[in-house]
A.B. asks: 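Provided herewith is a single structure, encoded as structure tokens, for subsequent inquiry.
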2 protein chains.
Amino acid sequence: MARKTGSHSDITGPRVREAALRLFARQGYAAVSMRGLAAEVGVQAGALYLYTRDKQSLLFDLMKGHMDDLLSAWAEEPKGDGPMARLEAFCRFHIGFNLERPDAVFVSYMELRNLEPANFDVIEALRKAYETELETILKEGVDEGIFAVPDTKLATLALIAMLTGVTTWYREGGRLSRARVGQIYWDMVRKSVGA
Amino acid sequence: MARKTGSHSDITGPRVREAALRLFARQGYAAVSMRGLAAEVGVQAGALYLYTRDKQSLLFDLMKGHMDDLLSAWAEEPKGDGPMARLEAFCRFHIGFNLERPDAVFVSYMELRNLEPANFDVIEALRKAYETELETILKEGVDEGIFAVPDTKLATLALIAMLTGVTTWYREGGRLSRARVGQIYWDMVRKSVGA
DNA sequence: GTCTATAGCATGATAGAC
DNA sequence: GTCTATCATGCTATAGAC
């Protein structure tokens, strides 16, 4: 079980974050105690404070890391030419990225209200930047007459809500493969913005 | 501020539930204390237990009431003839109903994990029944060749996620009226299931 | 019906031994 | 780097006065 002593700074730190993400997703930030987290990691409660300043920092660092990963992964994604190709790339990227880390997606959405105001502002700005990526694609498509979208801001929020929702029901090894899910969602998105 | 004594069973009960719904939505179930709730109502903590057996019952009763309201309101909604008319009715109903009670929608989605298992099962069954209402419409439309939906179960979840998402950003008196929002969402839904 | 007071326990965070 | 022990505070729920 829990080791009694030793030096494991390099491996315990990541394990704390992994356990925190898992517990925050399962029980919610407010319902997770530092004792419970320590038990999950296999250390005593006091030892956690070697790896995080406090519980709030743990939450913020997880959410900030997730948003940074999201934006940099999208930045490096091959996107193709034209609004249609870029919209397809966005859909498939969003679904694929989110399905790889359902806990982080869940926490980043559900625990916004548990962030202290200064931390909230940081995460909110990153979330807005990501939304702007999609809205830019929609605007370009409307300008070129490829998409029929009466309000790009609303369509952006509607499509992200639809695509993100996949994480709430998708289970690995279930009825549908990821590729099949991506295909079906892309079909719906494509048609919904079509003329 | 808080009255010291008196008999107010008939009005304090509803006020407890209203305050609980507001606080649960704003801070999350786990982060709301019975002391904080009592302060919001304007009574002492002990007095709350005249109106609820415990904190869990408060959450469950709010969620159960919301789901019952949702299902009975939909049952009484005029729906028109044929899958297309019924799908439009569902979209407009869902948006309208949810925008009327954003706190209840938020709590019913976010606090599922804070329900005790037996309570969770009850709410989950009601949620499933509501989803089935939409899936039935989609199936009928597919059977009649009106809708092109490769997987009605997936489309059901995708559409509900999209429509419910409206509560996360819509603000009364904002840029768009409810009717306009309903129209734009219905346009997207109609196209997304079209041939 | 509401109050005050409190039982019994859990919490976040720190101090100091090893 | 981890442990044990602890502080100060907060929590849910109940008991009993009024």
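Order of the sequence lines sets the chain letters (A, B, ...), proteins ahead of strands, with each chain counted from 1. Just so it is clear, the model here is predicted, and its values are computed rather than measured.
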A.B. asks: Between B:A30 and A:G46, which is nearer to the 5' end of DNA chain D once each is assigned its nearest nucleotide?
C.D. replies: A:G46
A.B. asks: Please give, in whole Å, the distance from C:dT14 C1' to A:R53 CZ?
C.D. replies: 14 Å
A.B. asks: Can you figure out which of D:dC11, D:dA13, C:dT14 approaches the side chain of A:Y49 most closely?
C.D. replies: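 Out of D:dC11, D:dA13, C:dT14, the nucleotide with an atom closest to A:Y49's side chain is C:dT14.
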A.B. asks: Should the pair B:D151-A:R175 be classified as a salt bridge under the 4.0 Å nitrogen-to-oxygen rule?
C.D. replies: yes
A.B. asks: Strictly below 4.0 Å: does A:S33 bring a side-chain N or O up to OP1 or OP2 of C:dA10?
C.D. replies: no
A.B. asks: So what does A:V32 hit on the nucleic acid, given a heavy-atom distance under 4.0 Å: a base, only sugar-phosphate, or nothing?
C.D. replies: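 Sugar-phosphate, no base atom in range.
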A.B. asks: Mapping B:L50 and A:R35 to their closest nucleotides on DNA chain C, which lands nearer the 5' end?
C.D. replies: B:L50
A.B. asks: How long is the line joining CG of A:L58 and P of C:dA13, in whole Å?
C.D. replies: 10 Å
A.B. asks: Any chance the side chains of B:E135 and B:T152 put a donor and an acceptor closer than 3.5 Å?
C.D. replies: yes
A.B. asks: What is the distance, to the nearest angstrom, from the CE atom on A:M34 to the C1' atom on D:dA5?
C.D. replies: 17 Å
A.B. asks: Rounded to whole angstroms, how far apart are CG on B:L37 and C1' on D:dA13?
C.D. replies: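 For the pair B:L37 CG and D:dA13 C1', the rounded distance is 14 Å.
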A.B. asks: Taking the six-membered ring of A:F97 as reference, does the NZ or CZ atom of A:R101 fall below 6.0 Å from its centre and within a 45° cone about the axis?
C.D. replies: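 The answer is yes, since A:R101 meets both limits relative to A:F97.
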A.B. asks: State, without any angle test, whether B:R92 and B:Q183 hold a side-chain donor-acceptor pair at a distance under 3.5 Å.
C.D. replies: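 A donor-acceptor contact under 3.5 Å links the two side chains.
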A.B. asks: Would you mind reading off the distance between A:Q44 atom CD and C:dA17 atom C1', rounded to a whole angstrom?
C.D. replies: 14 Å
A.B. asks: Round to a whole Å and report the spacing from CG of B:L48 to P of D:dC11.
C.D. replies: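 From B:L48 CG to D:dC11 P: 13 Å.
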A.B. asks: Roughly how many Å is it from CD in B:Q27 to P in D:dC11, rounded to a whole number?
C.D. replies: 10 Å
A.B. asks: Side chain of A:V43 only, heavy atoms from C-beta on: which candidate in D:dC3, D:dA13, C:dG12 is closest?
C.D. replies: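 Of the options given, the side chain of A:V43 lies nearest D:dC3.
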A.B. asks: Which one, D:dC3, C:dC3, D:dT14, comes nearest to the side chain of B:A47?
C.D. replies: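 The nucleotide sitting nearest to the side chain is C:dC3.
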A.B. asks: Under 6.0 Å from the six-membered ring centre of A:W186 and within 45° of its axis: does the NZ or CZ of A:K191 meet both?
C.D. replies: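 No cation-pi geometry.
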